[in-house]
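Before any comments, here is the structure.
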Amino acid sequence: MILYVNGCSHSAAAQAAVNHAWAVDDSQYWQRGTEPHPANLAVSYGRRLADSLAAKLVCEASSGGSNDRIIRITKEWIENNTAQLDQTFMILQWTTWEREEWYHLDQWYQVNASGIDTVPAQLQQRYKEYVINIDWKVKTLQAHDNIWKMHLYLKNLGIRHLFFSGHSTFSDIQNQHDWGENYMYPYIREESYYNWLTNNGGTYANAAYYHFDAKSHRLWAEHVLQYIKTTQLLDPDEISTN
C-alpha cells in the first residue's frame, strides 16, 4: 500500500524533531527545497501511520502551503501515478481557509493573511490588498466548496481517502455536506488537529507557530488510526497488528 499525505506544516511535522520548517533550512538538505526535513518526517504522524499500515509513505506536505497547493500537487501526483491508485490511501490535511497560491514568472507563491509573507516586488501591492480585504466568511465558503469538489473528484476515481482540518473548521457552515466517513468531523471545532491535540495532551515544539512535537504526532497518528479502524475505511488485513 501507498500512504499519500499532503497538507501544511502540521503534516510536514515542522520542528517536531529539529528546529526546521523545510529541508532547505538545513544546509545538509538545502537541495530538497521546501520538502519536510527528513528528521521531522521520521517522527510525523504520517510516518507512524505508514508503519501501522505497512505502507510506503509519500509525503508532499509543505510548511506554509495553501489548500490550493494541496489540491494542485495531489492531482499532479494522481495523474503521474495512475497505475498505483488502487493501492493508495490518501490523507489530506486542510490548512487555514484564507491561504492562496499565486503563479508569477514560472513560480508559485504561497500567501496567508499574516502580512509578513515574502513576495516579489510586482506582487507586493496585490499582497497588501489581499491582507486588507480578507473576507473570512467568503474564504470559508470557498474552501468548503473546493474541498467538497476534491472529495467528489477522489470518490469518482475510486481513490480511498480521509480528510481532516488542521486548524480552521467549518463549524459555522449552515449548508453541510454528507462526507460519509471521508472527513473527520469537519463541522466540530474541537475535532481539528490543533484543537484535539490541545485538549488531549499534545505539547508544542514551537508554540509561536502552533507546531507540535513528536509525542503529539504519535497521539494524532493513534487517533487517526482508531478512526480508520472504527469507520472501516481500510480492510482489517491492511492494518498491522504489531
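Computed from a prediction, not measured in an experiment: that's the story for all the values here. We number each residue from 1, following the sequence as shown.
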query: What pair of heavy atoms forms the shortest contact from Ser216 to Gly202, and how long is it?
result: OG-CA, 3.3 Å

Plane angle bin for His177 and Trp179 - parallel if under 30°, tilted between 30 and 60°, otherwise perpendicular: perpendicular

- request: Verify ring pair (Phe, Tyr, Trp, His ring centres under 6.0 Å) between Phe89 and Tyr4, making sure each step is shown before the conclusion.
  value: CA-CA 6 Å; Phe89 182 65; Tyr4 177 90; over 10 Å; no

- prompt: Counting N and O atoms only, with roles assigned by atom type, does the side chain of Arg99 sit under 3.5 Å from a partner on the main chain of Gly65, one being a donor and the other an acceptor?
  reply: yes

field: Linked, directly or transitively: Trp77 and Leu41 (ILVMFWY side chains, under 4.5 Å)
entry: no

Residue pair Val111 / Val119, side-chain heavy-atom distance below 4.5 Å: yes

message: side chain to side chain donor-acceptor pair (under 3.5 Å) for Ser66 and Glu100? Distances and angles first, verdict last.
response: CA-CA 5 Å; Ser66 63; Glu100 296 182 2; over 6 Å; no

field: Minimum side-chain heavy-atom gap Tyr183-Phe170 below 4.5 Å
entry: yes

task: Verify whether the ring centers belonging to His167 and His10 lie closer than 6.0 Å.
output: no

message: Walk me through whether Leu92 and His161 qualify under side-chain contact (heavy atoms from CB on, under 4.5 Å).
response: CA-CA 8 Å; Leu92 302 184; His161 61 283; over 6 Å; no

field: Joint cluster assignment, Ile147 & Val5, ILVMFWY side-chain distance < 4.5 Å
entry: no

task: Would you please indicate yes or no on a ring centroid separation below 6.0 angstrom for His151 and Trp148?
output: yes

CE on Met184 to CD on Glu191, rounded to 0.5 Å: 6.5 Å

Asn182 side chain reached by Leu233 side chain, heavy atoms, under 4.5 Å: yes

query: Can you find a pair of side-chain heavy atoms, one from Tyr45 and one from Ile91, that are under 4.5 Å apart?
result: yes

message: I need the Leu197 CG to His217 NE2 distance, nearest 0.5 Å.
response: 8.0 Å

message: Counting the benzene-type ring for Trp, do Trp196 and Phe164 have ring centres under 6.0 Å apart?
response: no

- prompt: Is there a chain of hydrophobic side chains (I, L, V, M, F, W, Y, each step under 4.5 Å between heavy atoms) that links Tyr209 to Trp97?
  reply: no

- line: Rounding to 0.5 Å, atoms NE2 (His104) and CG (Asp106) come to a distance of 10.0 Å

- prompt: Just by modelled atom types, is the Gly115 backbone N or O under 3.5 Å from a matching donor or acceptor in the Tyr127 side chain?
  reply: yes

message: Testing the basics here: between Ala113 and Glu98, what is the closest heavy-atom pair and its distance to 0.1 Å?
response: N-OE2, 3.2 Å

- prompt: Are any of the side-chain nitrogens in Lys139 or Asp135 under 4.0 Å away from the carboxylate oxygens of its partner?
  reply: no

query: Are side-chain heavy atoms of His37 and Asp25 found at a separation under 4.5 Å?
result: no

query: Which pair of heavy atoms, one from Val43 and one from Arg48, lies closest together, and at what distance?
result: O-NE, 3.8 Å

task: Verify the distance criterion only: is there a donor paired with an acceptor across the side chains of Asn195 and Thr198 at less than 3.5 Å?
output: no

message: So Ile188 and Thr169, do their side chains get closer than 4.5 Å, heavy atoms only?
response: no

Common cluster, Leu162/Tyr187, ILVMFWY with side-chain heavy-atom separation under 4.5 Å: no

query: Is any side-chain N of the basic residue among Glu222 and Arg218 closer than 4.0 Å to the acidic one's carboxylate O?
result: yes

message: For a quick test of reading the model, state the closest non-hydrogen atom pair linking Trp22 to Gly33 and the distance between them.
response: CB-O, 3.7 Å

- prompt: Does Asn40 reach the main-chain N or O of His20 with its side chain, forming a donor-acceptor pair under 3.5 Å?
  reply: yes

From Leu3 atom CG to Lys56 atom NZ, the distance as rounded to the nearest 0.5 Å: 12.0 Å

task: Taking Ser171 for its side chain and Arg189 for its backbone only, find out whether a donor-acceptor pair lies under 3.5 Å.
output: no

message: So does Gln28 get a backbone contact from the side chain of Asp26, meaning a donor-acceptor N/O pair under 3.5 Å?
response: yes

Step-by-step side-chain contact (heavy atoms from CB on, under 4.5 Å) determination, Ile78 to Met90: CA-CA 10 Å; Ile78 289 170; Met90 289 190 160; 3.4 Å; yes

Whether over 12 other heavy atoms sit under 6.0 Å from Trp136 CH2: yes

query: So is Arg69 actually on top of Trp108's ring, under 6.0 Å and inside 45° of the axis?
result: no

- request: Measure across Ala21 and Ser63 and return the closest heavy-atom pair with its distance rounded to 0.1 Å.
  value: O-OG, 3.2 Å

query: Can you name the one residue among Lys128, Gln122, Glu129 that meets side-chain hydrogen bond (donor to acceptor under 3.5 Å, both in side chains) with Gln125?
result: Glu129

field: Closest contact, heavy atoms only, Gln93 versus Cys8
entry: OE1-N, 3.0 Å

Asn80, CG: over 12 other non-hydrogen atoms inside 6.0 angstrom: yes

- prompt: Do the ring centers of Tyr210 and Tyr193 come within less than 6.0 Å of each other?
  reply: no

- request: Determine whether Leu53 and Leu234 make a side-chain contact, defined as any pair of heavy atoms from C-beta on separated by less than 4.5 Å.
  value: yes

- line: The reported gap from CG in Leu154 to CD1 in Ile159 (rounded to nearest 0.5 angstrom) is 5.0 Å

message: Nearest 0.5 Å, please: how far is CD1 in Ile70 from CE in Met150?
response: 9.5 Å

query: Are Trp102 and Tyr130 an aromatic pair by the rule of ring centers under 6.0 Å?
result: yes

- prompt: Should Ile73 and Leu85 be counted in the same cluster of Ile, Leu, Val, Met, Phe, Trp and Tyr side chains packed under 4.5 Å apart?
  reply: yes

field: Sub-4.5 Å side-chain heavy-atom contact between Ser44 and Pro36
entry: no

